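Read through the structure below, which is laid out as structure tokens, and then see the notes.
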Amino acid sequence: MVLMEKTYSPEDIEKKWNKYWQEAHCFEAKHNGKPTFTLFMPPPNVTGILHMGHMLNDVIQDVLCRWARIQGKDVLWIPGTDHAGIATQNKVEKVLKKEGLFRQKLGRKAFIERVQEWVKEHKHIIGDQMKSLGVSCDWNHSTYTLDPNYSRGVLTAFVKLYERGYIYKGKRLVNWCPVSQTALSDEEVIMKQTSAFLYTFRYAVVEKPGTFINIATTRPETIMGDVALAVHPQDTRYQTLIGLHAQCPFDASRVIPIIADEVVDREFGTGALKITPAHDPIDFDVGQRHHLPFIEVLDERGIVNAHGAPFEGMDRLQARKAVIEALREKNLLVEEKPYDHAVGYSERADVPIEPRLSEQWFVRYPKVEEAKQVAEKFFVKFWPQRWIKTYLHWLENIQDWCISRQLWWGHRIPVWYHKADKSIIHVSVDGPQDPENWEQDPDVMDTWFSSWLWPLGTLNWLDNKPETKQFFNDFFPANTLVSGPDILFFWITRMIIASLEFLDDRPLEQRIPFKNIYLTGIVRDSIGRKMSKSLGNSPDPLDLIKKFGADGVRVGLLSIAPQGQDIRFDERFLIQGRNFCTKLWNACRFRQMQGDIIPYRNLNDILNKIEHFGHLSIYDTHLLSILLKTMADYEKFLEKYEFSAAIKLLQQCFKNIFCDWYLEIQKHQTHTCLAVQDLFLTQMLTMLEPYAPYISEELYAQLHLNDCIIQESGWNINLLKQWAQAHKSYTENEIETIEQLRNLVSELRALKSKHGLASDKNVTMAVVLETKGKYTEYFHQHTELIKKLVGLKQIDEETKPKEGMPKTVTLWGTFFLVIDQTSTQDDTDAIKREIELLTKHIQSAEQKLANERFMSHAPEAVIVGVKKLLEDNIQKRDALKKLIM
RNA sequence: GGACGGUUAGCUCAGUUGGUUAGAGCUACUGGUUUACACCCAGUGGGUCGUAGGUUCGAGUCCUACACCGUCUACCA
């Protein structure tokens with residue numbers, strides 16, 4: 001056998017295992033009658049690249065899947081990609097622009113082909129990136145939202161909802177993106193706090209020459225679309241003006257009525273409002289209530305149209321300035337003051353959206369009440385739980401969903417208009433029998449209208465083949481959905497609604513798409529900013545993997561991913577992750593150096609070998625006790641999605657107990673049972689595998705700890721518990737004794753270190769043991785080991801301590817450093833301070849015990865604890881006092 | 001404006017139903033290559049738990065108010 005290298009080099013090992021996993025079909029879902037465990041990976045944009053957020057999500061999901069496999073479940077993890085309508089179309093249009101082309105010139109068919117080409121080129125990128133992270137999803141089930149089957153599901157959903165009366169077409173004011181030139185849903189609009197100006201100008205009142213009415217607005221460029229002025233009906237300032245008319249500033253022929261409406265806020269601005277129903281949601285309502293005309297002055301690009309003369313042809317921002325100048329010239333501008341308010345921006349194009357009157361398709365959400373119920377009854381659980389409030393709040397205030405997009409890339413709306421009479425429409429998945437007489441709606445659907453079917457579509461919900469149906473029933477619903485909270489409404493809530501609606505032949509609790517929702521935090525940079533392209537503060541995940549290894553990245557990332565809190569990312573953590581991998585590697589290398597590596601066939605082989613060895617030392621049983629406790633805690637943490645707590649637990653157990661304590665002891669033992677190390681390592685590597693799969697599998701294989709890989713090894717906590725109990729090697733007493741021994745060793749090392757003798761092994765200590773203490777016996781049992789671990793030539797009770805020797809007082813007794821040069825002064829001061837502190841503690845404990853109310857109220861255990869502490873402190877103080885007398 | 005988080009050591013964070021003297025990792029400082037590992041080991045230092053009240057025998061933990069940071073949501077044009 002070749003000795004392992006000193007340092008773990010991830011690259012080759014990652015390659016090796018990726019190849020193995022793929023060739024051995026390790027992650028392909030099969031239902032073998034065991035409990036199933038399903039995960040739907042949130043599909044990234046098909047032409048996107050992996051960012052830090054994906055990485056965190058994917059690693060968390062991978063931990064869940066790998067852990068489920070170890071527990072023996074039948075796991076299905078479905079990956080896939082999203083066609084991402086606007087994002088992808090924008091990208092290709094940018095490319096076209098460079099070629100001097102635009103989509104209209106190309107035509108619909110040619111353009112879509114161009115996009116498909118682009119998708120084909122880029123599709124594999126994000127998948128490859130995920131593979132290098134080590135994700136264990138089933139690529140056979142990989143789904144793309146434009147796959148034929150999936151698309152059929154999307155169209156079917158539209159048709160079903162239409163037939164059930166949940167989809168309608170309406171002319172409404174929608175969020176319009178002038179760059180993408182499409183309508184957007186409310187969720188795709190981001191409100192940004194913006195510094196702007198609030199302009200006040202005056203309208204002349206026609207019936208009362210010389211009288212003016214002041215109006216405040218942030219959007220003067222829509223003045224040409226004004227159709228009325230509105231004041232509050234009870235506003236005393238304007239009573240005499242209601243019913244009169246105002247003169248439009250830029251069109252002498254146009255006068256508009258002054259109306260009263262309760263929507264007007266008397267406190268804001270001048271208390272008078274200009275009404276532009278075609279360009280403002282509130283004005284739209286007022287316009288409808290008062291049967292006012294709708295005048296559009298901006299076109300689909302946000303440019304002033306013919307109705308906006310004399311500003312026709314100007315961009316909306318340009319027009320704003322021009323209008324202000326013109327008003328100033330006409331002496332109508334009264335005031336111009338800075339004003340901060342929130343403005344809606346297009347999520348994709350990052351420009352202010354324009355409320356625009358247009359005809360669109362809308363969804364009235366079905367099953368809203370049921371969606372609330374499944375959360376309230378905990379059929380669906382949120383982690384962290386507080387998100388349920390946000391979820392319910394959104395459902396309470398749910399608005400109809402605008403699903404049509406004026407794009408070409410996506411699922412086309414399955415509606416046809418008769419050429420002879422446009423009012424005759426046909427709605428179906430396959431279209432009319434006589435297509436030549438019909439014209440299909442040009443719009444496509446919001447991408448989220450396909451994403452919300454993800455749990456159904458990836459499992460081919462419409463396929464009636466018995467095996468497909470069986471597969472669906474076996475693996476639906478998913479156990480957990482892992483996602484960032486930013487798409488709670490976009491996606492998660494809608495998936496729940498879709499499943500509730502389309503699986504309506506099932507009882508409510510079986511219609512949910514997933515039982516748990518785990519919402520991750522947002523990955524931020526080290527100073528708390530969101531990671532973004534424009535800030536350039538987002539590292540490339542692939543670079544990080546190259547630098548620290550996939551396992552190092554995974555361990556580092558998850559160790560700072562507490563449940564649902566934002567994460568401050570810093571490479572420091574990945575360094576720690578990588579260092580941990582190296583440590584792990586070297587501990588196994590050390591095991592290899594100790595020799596005697598015989599392939600085990602299973603866990604029982606290891607246990608038999610231990611039994612064959614005969615008597616285990618207290619250090620062995622202590623290690624195994626800690627191991628069992630760690631395994632139990634690990635289970636609990638993962639059950640509660642406490643990923644960072646679980647990995648920190650493993651790191652602590654492995655480094656502090658196994659490496660720095662147990663292995664160091666082994667170096668001083670003559671007769672050691674290597675199978676104990678093997679037992680520890682099998683279980684430790686098993687627990688680490690979900691976090692660090694490559695290195696864990698590699699070491700497991702190198703040490704021949706089993707005849708299968710970890711993923712197939714099973715979780716043996718119950719077997720081990722029984723075994724430990726049968727061999728009486730699990731007792732709290734042992735843990736307690738050894739922990740005290742560890743403390744003692746620390747204190748003695750500190751004593752040496754304080755006097756500059758940290759590494760000097762030619763040191764003698766004298767000890768006066770605590771005669772009443774139970775540790776006297778322990779001391780005699782462990783003397784040799786203490787000598788070696790502390791680095792002493794001698795430690796005994798024969799050597800008589802002399803005045804001025806440096807010393808430390810412990811529960812075991814008082815230990816003296818036998819050296820010539822003394823530092824009495826320093827020591828005395830330190831001891832005095834120590835006595836002072838102890839006295840404080842003693843007084844506080846005595847007060848407590850003298851307090852009748854404490855004695856009558858506090859539980860017995862607390863009182864006993866205080867008494868014990870009091871005793872210990874008094875003992876220690878008395879010993880210290882003797883020293884300085 | 002509303003809802004929800006957060007505030008504990010220089011930094012990043014643990015701290016379960018109130019219960020003994022508040023923990024970890026990193027950083028800093030000191031010392032160190034002995035059967036693996038300097039991507040290591042040993043040791044030291046560092047906190048009146050955001051502020052002010054309250055409940056309690058006892059509060060980092062529960063209650064009230066305030067301050068600051070953050071997220072979401074609705075925006076008064």
Side-chain angles (χ1 to χ4, degrees), chain A residues 3-4 6-8 191 198 215-219 230 263-265 267-270 272-276 280-283 341-344 384 386-387 389-390 393-394 397 485-486 488-489 522 524 526 528 530 548 552 559-560 562 564-568 570 572-573 575-594 644-645 648 651-652 659-660 663-664 666-668 745-746 749-754 756-761 788-791 837-838 840-841 844-845 848 851-859 861-870 873:
Chain A
L3 185 64
M4 292 160 60
K6 251 188 176 184
T7 314
Y8 167 59
M191 301 309 287
L198 183 64
I215 305 289
T217 182
T218 55
R219 303 215 47 200
V263 80
V264 183
D265 181 348
E267 309 300 320
F268 187 86
T270 62
L273 179 62
K274 73 188 198 60
I275 302 296
T276 325
D280 183 278
I282 291 174
D283 296 7
H341 65 141
V343 176
R386 62 185 152 87
W387 285 106
K389 291 179 197 162
T390 313
H393 182 257
W394 188 75
N397 299 289
D486 48 333
L488 179 57
F489 308 136
I522 297 165
R524 300 171 172 282
S526 58
K530 247 182 177 171
F548 305 108
S559 71
I560 52 164
Q565 299 286 11
D566 285 0
I567 293 158
R568 295 223 176 181
D570 196 315
R572 267 189 357 209
F573 300 111
I575 292 173
Q576 285 175 45
R578 181 203 57 189
N579 292 356
F580 179 69
C581 290
T582 310
K583 185 82 181 165
L584 186 64
W585 182 263
N586 273 289
C588 293
R589 180 170 182 262
F590 184 49
R591 169 64 189 84
Q592 200 192 29
M593 287 166 69
Q594 293 172 89
S644 72
K648 280 178 184 165
Q651 288 179 310
Q652 199 210 331
C659 293
D660 297 342
L663 287 186
E664 289 308 315
Q666 294 319 302
K667 291 177 184 173
H668 303 293
V745 169
S746 270
R749 280 170 177 166
L751 181 63
K752 278 180 73 185
S753 188
K754 265 183 201 155
L757 299 168
S759 56
D760 189 343
K761 281 184 282 302
K788 285 184 171 139
L789 291 180
V790 179
L837 190 69
L838 284 170
K840 240 193 232 167
H841 294 326
S844 135
K848 266 183 197 165
N851 184 339
E852 257 177 58
R853 299 178 72 172
F854 173 76
M855 296 302 281
S856 57
H857 284 83
V862 173
I863 295 175
V864 169
V866 172
K867 279 183 181 163
K868 178 174 180 287
L869 195 69
L870 179 65
N873 283 338

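Sequence lines set the chain letters: A, B, ... in the order given, protein chains first and strands last, and positions in each chain run from 1. In this text, all values refer to a predicted model and were calculated from it rather than measured experimentally.
As the counterpart of B:C13, B:G23 is assigned, both hydrogen-bonding distances of the Watson-Crick or G-U wobble pattern falling under 3.5 Å. Here B:C29 sits opposite B:G43 as a Watson-Crick or G-U wobble pair (both hydrogen-bonding atom distances under 3.5 Å). Nucleotide B:C68 forms a Watson-Crick or G-U wobble pair with B:G6, both donor-acceptor distances falling under 3.5 Å. B:G58 is unpaired under the criterion used here, namely a Watson-Crick or G-U wobble arrangement in which both key atom distances are under 3.5 Å. With both pairing distances under 3.5 Å, B:A38 is matched to nothing as a Watson-Crick or G-U wobble pair.
Spacing between B:C26 and B:C69 at atom C1', rounded to whole Å, works out to 23 Å. Atom name C1', nucleotides B:U55 and B:U64: the rounded distance is 11 Å, in whole Å. Atom P of B:A36 sits at a distance of 24 Å from the matching atom of B:G31, rounded to the whole Å. Nucleotides B:U34 and B:U27, compared at atom P, are 24 Å apart to the nearest Å. B:U51 and B:C68 have their C1' atoms separated by 10 Å, with the value rounded to a whole Å. Taking atom P in both B:G5 and B:U20, one finds a spacing of 27 Å when rounded to whole Å. The same atom, C1', is picked in B:A28 and in B:C4; the two are 38 Å apart, to the nearest Å. Look at the C1' atom in both B:A9 and B:G60: the space between them is 14 Å, to the nearest Å.
Among the atoms of the strands shown, only primed sugar atoms or phosphate atoms (P, OP1, OP2) are found under 4.0 Å from some heavy atom of A:I282. Among the heavy atoms of the strands lying under 4.0 Å from A:T218 are primed sugar atoms or P, OP1, OP2 only; no base atom is included. Across all strands, A:P485 comes closer than 4.0 Å to no nucleic acid atom at all (heavy-atom distances). Residue contacts for A:D265: at a heavy-atom cut-off of 4.0 Å it reaches a base atom on one of the strands shown.
Of all heavy-atom pairs spanning A:A845 and A:V866, the tightest one is CB-CG1, 3.9 Å. Nearest heavy atom pair, residue A:D283 against residue A:T276, reads OD2-N, 2.7 Å. Across A:T217 and A:R219, no two heavy atoms sit closer than the pair OG1-N, 2.9 Å.
Contact check, A:R853 against B:C57: a side-chain N or O comes under 4.0 Å of OP1 or OP2. Contact check, A:R568 against B:U12: a side-chain N or O comes under 4.0 Å of OP1 or OP2. Distances shorter than 4.0 Å separate none of the side-chain N or O atoms of A:K788 from OP1 or OP2 on B:U35.
Closest contact between the side chain of A:R589 and the listed nucleotides B:A77, B:A36, B:C37 involves B:A36. Listed candidates were B:A36, B:C26, B:C37. Nearest to the side chain of A:Q576 is B:C26. Here B:C4 is the nucleotide among B:C37, B:C4, B:U12 with the atom lying nearest to any side-chain atom of A:K389. Closest to the side chain of A:R524, from the set B:U12, B:C37, B:G70, is B:G70. Checking B:C37, B:C75, B:G19 against every side-chain atom of A:F854, the shortest atom distance belongs to B:G19.
Between the NZ atom of A:K667 and the C1' atom of B:U35 there is a distance of 6 Å, rounded to whole Å. Taking atom CG of A:D280 as the reference point, atom P of B:C75 lies 10 Å away to the nearest angstrom. Atom CG of A:N397 is separated from atom C1' of B:C72 by 13 Å (rounded to the nearest Å). To the nearest angstrom, P of B:U12 lies 8 Å from CZ of A:R572. If you measure from atom CD of A:E852 to atom P of B:G58, you get 15 Å, rounded to the nearest angstrom. Atom pair A:F489:CZ and B:C4:C1' shows a separation of 11 Å (rounding to whole Å applied). We find that CH2 of A:W394 is positioned 11 Å from P of B:U73, with the value rounded to whole Å. Rounded to an integer number of Å, the gap from A:H393 NE2 to B:G5 P is 14 Å.
At least one donor-acceptor pair under 3.5 Å links the side chain of A:N586 to the backbone N or O of A:K6. Checked by atom type and distance alone, the side chain of A:K752 pairs as donor or acceptor with a backbone atom of A:V790 at under 3.5 Å. In this structure, the side chain of A:R749 engages the main chain of A:L789 through a donor-acceptor pair within 3.5 Å. Checking side-chain atoms of A:K583 against main-chain N and O of A:C659 turns up no donor-acceptor pair under 3.5 Å.
Taking only distance into account, the side chain of A:R386 never meets the base of B:C4 through a donor-acceptor pair shorter than 3.5 Å. With hydrogens and angles ignored, no donor-acceptor pair closer than 3.5 Å exists between the side chain of A:K6 and the base of B:A38.
For A:Q594, the side-chain hydrogen bond (donor to acceptor under 3.5 Å, both in side chains) partners are A:Q677, not counting sequence neighbours.
Residues A:R568 and A:I560 fail the side-chain proximity criterion, which asks for heavy atoms closer than 4.5 Å.
In this structure, A:W394 and A:F489 have parallel ring planes: the angle between them is below the 30° cut-off, well short of the 60° mark.
Comparing A:K848 and A:V343 by the nucleotide of RNA chain B that holds the closest heavy atom to each, the one mapping nearer the 5' end is A:K848.
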Contact state string [nucleotides 40-50 of chain B, B base, S sugar-phosphate only, - no protein heavy atom under 4.0 Å]:
SSSSS------

